[in-house]
Amino acid sequence: MNKRTKGNMAEDTAARYLENKGHKILEKNFYCKFGEVDIISISPSRELVFTEVKFRRSGMSGDPLEAVTPLKQKKICRSSLYFISKNPEYSELQIRYDVIGIRNAHEITHIENAFGYDW
């Protein structure tokens, strides 16, 4: 199984996890000129949530949550602004940036408001 396939499986797991928490998934793997957002959803409290998903098969490669670097955060934030510009119907919602780390294919750690964007 290649890296992209494993990543897609982790993103599917994260999307199901979010749906079970009441999120409505709007997009998966949103690509634009600024970067990519793994999952875009609306939370039960009506927040527009941009979620980065990181997977690690074991702890040997470090914690998956540590892989969301400041540069990656910046790309996600820029991509989120682009998404909103193309989908103005969501412009009135509060924005939140989450990170989901998946380890060993079943240990899920979800950090809400993992980082912010300096507007």
Side-chain angles (χ1 to χ4, degrees):
M1 192 178 315
N2 68 32
K3 188 175 180 178
R4 185 68 237 157
T5 302
K6 289 177 189 176
N8 286 337
M9 289 174 57
E11 289 164 7
D12 290 343
T13 298
R16 282 191 306 275
Y17 169 85
L18 289 172
E19 287 175 326
N20 288 337
K21 289 186 73 170
H23 286 243
K24 177 185 174 195
I25 306 299
L26 300 177
E27 295 228 15
K28 287 173 40 181
N29 297 315
F30 172 76
Y31 289 95
C32 69
K33 61 185 175 182
F34 300 108
E36 177 205 2
V37 178
D38 293 328
I39 302 171
I40 302 171
S41 64
I42 297 178
S43 73
S45 59
R46 299 285 303 153
E47 293 171 295
L48 185 60
V49 182
F50 297 88
T51 303
E52 176 68 8
V53 179
K54 290 295 181 186
F55 171 77
R56 295 290 183 267
R57 213 174 78 167
S58 71
M60 293 179 66
S61 300
D63 190 294
L65 301 173
E66 295 172 347
V68 185
T69 65
L71 178 60
K72 181 66 175 171
Q73 292 173 21
K74 189 174 189 177
K75 288 181 178 183
I76 293 167
C77 292
R78 286 183 176 167
S79 299
S80 73
L81 295 177
Y82 183 81
F83 175 84
I84 293 167
S85 74
K86 295 297 181 187
N87 298 277
E89 64 271 26
Y90 303 118
S91 64
E92 297 300 317
L93 298 177
Q94 291 288 328
I95 296 173
R96 190 174 89 201
Y97 299 99
D98 289 6
V99 176
I100 292 180
I102 301 175
R103 191 179 358 228
N104 302 324
H106 65 279
E107 294 175 33
I108 297 174
T109 303
H110 181 195
I111 300 177
E112 296 182 4
N113 287 311
F115 58 92
Y117 186 70
D118 192 7
W119 304 99

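Just so you know, these numbers come straight off a predicted model, no measurement behind them.
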If you look at every heavy atom in [X] and [Y], which pair is closest and at what distance?
| X | Y | result |
| --- | --- | --- |
| Ile39 | Leu18 | CG2-CD1, 4.0 Å |
| Phe115 | Cys77 | CE1-SG, 3.8 Å |
| Pro88 | Ser91 | O-OG, 2.8 Å |
| Ala15 | Ile25 | O-CD1, 4.0 Å |
| Ala10 | Val53 | O-CG1, 3.9 Å |

If you define the side chain from C-beta out and look only at heavy atoms, does anything of [X] sit under 4.5 Å from [Y]?
| X | Y | answer |
| --- | --- | --- |
| Ile76 | Tyr97 | yes |
| Leu26 | Ile42 | yes |
| Glu52 | Asp98 | no |

Steps toward side chain to side chain contact (heavy atoms under 4.5 Å, CB included) verdict (Ile108, Thr13): CA-CA 9 Å; Ile108 297 174; Thr13 298; 3.9 Å; yes

By salt bridge (charged side-chain N to carboxylate O under 4.0 Å, His left out) - contacts of [X] (at least two apart):
| X | answer |
| --- | --- |
| Lys24 | none |
| Lys75 | none |
| Lys74 | none |

Tell me whether the rings of Phe30 and Phe83 are parallel (<30°), tilted (30 to 60°) or perpendicular (>60°). perpendicular

Please check if atom CD in Glu89 has more than 12 non-hydrogen atoms from other residues, nucleotides or ligands closer than 6.0 Å. yes

Distance (rounded to the nearest 0.5 Å) between Ile84 CD1 and Ser79 OG: 11.0 Å

Can you tell me how far OG of Ser80 sits from CG of Leu48, rounded to the nearest 0.5 angstrom? 8.0 Å

Which pairs count as salt bridge (charged side-chain N to carboxylate O under 4.0 Å, His left out) when at least one residue sits in [range], sequence neighbours excluded?
| range | answer |
| --- | --- |
| residues 40-50 | Glu47-Arg96 |
| residues 25-34 | Asp12-Lys28 |
| residues 13-22 | Lys21-Glu112 |

Shared hydrophobic cluster, Val49 / Ile100 (ILVMFWY, side-chain heavy atoms < 4.5 Å): no

Those residues at least two apart in sequence (or on a different chain) that pass side chain to side chain donor-acceptor pair (under 3.5 Å) with Ser41 are His23

List the steps and the verdict of side chain to side chain contact (heavy atoms under 4.5 Å, CB included) for Asn29 and Glu36. CA-CA 6 Å; Asn29 297 315; Glu36 177 205 2; 3.0 Å; yes

Would Val68 and Gln73 count as a side chain to side chain contact (heavy atoms under 4.5 Å, CB included) here? Give the steps. CA-CA 7 Å; Val68 185; Gln73 292 173 21; 3.8 Å; yes

